[in-house]
Amino acid sequence: MEVGMQGGRLVEPDSEIVSPTLSADEVSHLAVDIGGSLIKLVYSSINHNSGIDDKEKKYSKECSVVPNGSSNYPVICGRLHFAKFETNKINDCVEFILSKQLHHGGSWHHETSGNDKKAIKATGGGAYKFADLFKEKLGVSLDKVDEMDCLVAGSNFLLKEVHPEAFTYIDGREEYVQIDINDLYPYLLVNIGSGVSMIKVDGDGKFERVSGTSVGGGTFWGLGKLLTKCKSFDELLELSHKGNNRVIDMLVGDIYGGTDYTKIGLSSTNIASSFGKAISENKELEDYGPEDISRSLLRMISNNIGQISYLNALRFGLKRIFFGGFFIRGHAYTMDTISVAVNFWSKGEAKAMFLRHEGFLGALGAFRSYESHGFDANMTH
Ligand SMILES: Nc1ncnc2c1ncn2[C@@H]1O[C@H](COP(=O)(O)OP(=O)(O)O)[C@@H](O)[C@H]1O
Ligand SMILES: CC(C)(COP(=O)(O)O)[C@@H](O)C(=O)NCCC(=O)O
């Protein structure tokens with residue numbers, strides 16, 4: 001998919017891009033974000049040929065980051081690689097790191113015992129949970145970086161340095177948003193991972209987590225798995241394409257005999273109660289099509305997140321809301337539902353914007369922390 005031009009290079013979302021600041025003697029670095037559902041890796045390489053081999057393609061999805069050549073934003077190394085694994089398949093991730101020797105891409109930590117230990121930047125809850133496993137299997141320590149700090153650092157980096165990164169999704173069309181870096185703040189960052197964090201961002205390192213909800217990506221995948229017997233997240237998403245939410249959702253028209261409830265601004269086709277039809281019909285779970293269940297679930301969760309996001313934007317007078325996290329998955333119906341919810345509740349005042357590198361904000365933030373934590377002094381081979 002062609003999405004734009006950057007410095008004369010074609011920018012594609014699923015390819016790698018070489019940073020203009022690449023220099024031959026720079027080394028690879030690895031940062032990990034171990035979340036409730038997925039492990040995200042960002043690593044850099046110095047060698048153009050050290051890119052993706054067949055094995056890596058099998059394991060991971062590649063994305064691209066294009067640092068903005070026109071600014072002096074520091075970039076550690078030239079080529080950034082992105083990969084993700086399910087957290088419950090952490091052994092695949094460890095095997096991948098071993099096979100690529102990525103664990104050498106960290107920095108040296110001086111320990112009180114006098115021993116120097118290799119440490120890689122790590123964020124997300126798994127940086128705590130799996131610290132021993134990384135030590136045991138890879139011989140590296142995890143140098144923990146706060147998850148919220150990383151999300152904000154990753155988001156600011158992408159919004160300021162990567163073009164095109166943010167886009168709106170309206171009436172089935174993606175439109176890239178020109179970011180004015182002098183007028184970026186404040187904004188609301190909504191990260192939809194397993195759960196959802198809503199963060200008011202006021203600048204680099206300046207933010208407050210103002211809200212959150214446990215009804216997030218983990219809820220969609222968890223409930224969806226139970227209700228549809230789907231074996232993978234992508235299968236569940238795919239299923240939702242074919243579904244019709246009206247089969248299960250109770251609409252305003254179902255309650256009001258087919259008419260709108262204009263006095264309170266509801267049309268007959270608005271959902272009055274997600275999954276509400278299931279209470280009055282004499283049907284078992286098996287009587288519903290899994291595609292309709294998936295569709296209703298996706299709509300319920302996306303709409304709810306869109307609504308809570310808008311209410312938080314309203315609390316702080318924020319006009320811009322950026323959505324990240326792997327729940328979105330660049331999925332049309334998800335983005336459409338979130339956009340419609342934000343538009344509906346804000347009466348057209350606020351806009352939902354999505355990030356091309358949606359799920360990698362935390363990992364990118366952790367990667368960038370090599371620089372802010374004195375990476376140069378600790379550079380390693
Ligand atoms: N291959 C996948 N496996 C599992 N969940 C996926 C997958 N792709 C997208 N998702 C969705 O993304 C969510 C995780 O998003 P992510 O931003 O990685 O959060 P976390 O840091 O909590 O793992 C899952 O809960 C699920 O909704
Ligand atoms: C605890 C978390 C920050 C962990 O991040 P995640 O792995 O979900 O990306 C997130 O799940 C969350 O913000 N949950 C919502 C909790 C709440 O505010 O109710």
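Numbers here simply count residues along the sequence, with the first being 1. First listed ligand is number 1; within each ligand, the first listed atom is number 1.
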Between Ser155 and Val152, is there a donor-acceptor pair closer than 3.5 Å when you use the side chain of the first and the backbone of the second?
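No, the answer is negative, given that no donor and acceptor are paired below the 3.5 Å cut-off.
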Please list the nearest protein heavy atom to [atom] with its residue and the distance rounded to 0.1 Å.
atom: atom 8 (O) of ligand 2; value: Gly195 N, 3.0 Å
atom: atom 15 (C) of ligand 2; value: Thr213 O, 3.4 Å
atom: atom 19 (O) of ligand 2; value: Ser214 N, 3.9 Å
atom: atom 6 (P) of ligand 2; value: Glu147 OE2, 3.7 Å
atom: atom 16 (C) of ligand 2; value: Arg209 NH2, 3.8 Å
atom: atom 7 (O) of ligand 2; value: Gly36 N, 3.2 Å

Could you list which atoms of ligand 1 come closer than 4.0 Å to a heavy atom of [X]?
X: Lys40; value: 16 (P), 18 (O), 19 (O), 20 (P), 21 (O), 23 (O)
X: Gly217; value: 25 (O), 26 (C), 27 (O)
X: Trp221; value: 4 (C), 5 (N)

Specify whether Phe167 and Phe354 have parallel, tilted or perpendicular ring planes, treating 30° as the upper limit for parallel and 60° as the lower limit for perpendicular.
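The rings of Phe167 and Phe354 sit tilted, inter-plane angle from 30° to 60°.
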Could you work out, with ring pair (Phe, Tyr, Trp, His ring centres under 6.0 Å) as the rule, every residue matching Phe316, not counting sequence neighbours?
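Once residues adjacent in sequence are excluded, Phe316 has no partner under the ring pair (Phe, Tyr, Trp, His ring centres under 6.0 Å) criterion.
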Can you list everything that forms a ring pair (Phe, Tyr, Trp, His ring centres under 6.0 Å) with Phe322? Sequence neighbours excluded, please.
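Applying ring pair (Phe, Tyr, Trp, His ring centres under 6.0 Å) to Phe322 gives Tyr187.
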Using a plain distance cutoff, I'd like to know if [X] has any nitrogen or oxygen under 3.5 Å from a nitrogen or oxygen of ligand 1.
X: Gly325; value: no
X: Lys84; value: no
X: Asn191; value: no
X: Gly195; value: no
X: Gly36; value: yes

Looking at Lys206 and Asp204, is there a salt bridge between them, counting it only when a charged N and a carboxylate O are closer than 4.0 Å?
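Looking at Lys206 together with Asp204, the answer is no, because their closest N to O distance does not fall below 4.0 Å.
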Could you tell me whether Phe326 approaches ligand 1 through its side chain, its backbone, both or neither, with non-hydrogen atoms closer than 4.0 Å?
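For Phe326, the contact with ligand 1 is made by both the backbone and the side chain.
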Transitively linked via ILVMFWY side-chain contacts under 4.5 Å: Val247 with Leu285?
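They do share one cluster, since a chain of ILVMFWY contacts under 4.5 Å joins Val247 to Leu285.
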Can you tell me which portion of Met148 lies within the under-4.0 Å heavy-atom range of ligand 2? Options are side chain, backbone, both, or neither.
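The answer is the side chain of Met148.
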If we ignore angles and hydrogens, is there a donor and acceptor under 3.5 Å between the side chains of [X] and [Y]?
X: Asn244; Y: Asp292; value: no
X: Ser197; Y: Asn191; value: no
X: Ser194; Y: Ser37; value: yes

Considering the heavy atoms of Ser194, write down every atom of ligand 2 situated less than 4.0 Å from one of them.
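Heavy-atom distances to Ser194 below 4.0 Å select 8 (O).
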Would you say Gly218 touches ligand 1, if touching means a heavy atom closer than 4.0 Å?
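Flag set, Gly218 near ligand 1.
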Using the rule side chain to side chain contact (heavy atoms under 4.5 Å, CB included), only one of Thr334, Val190, Leu355, Leu189 pairs with Phe323; which is it?
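Per the side chain to side chain contact (heavy atoms under 4.5 Å, CB included) rule, the option paired with Phe323 is Val190, out of Thr334, Val190, Leu355, Leu189.
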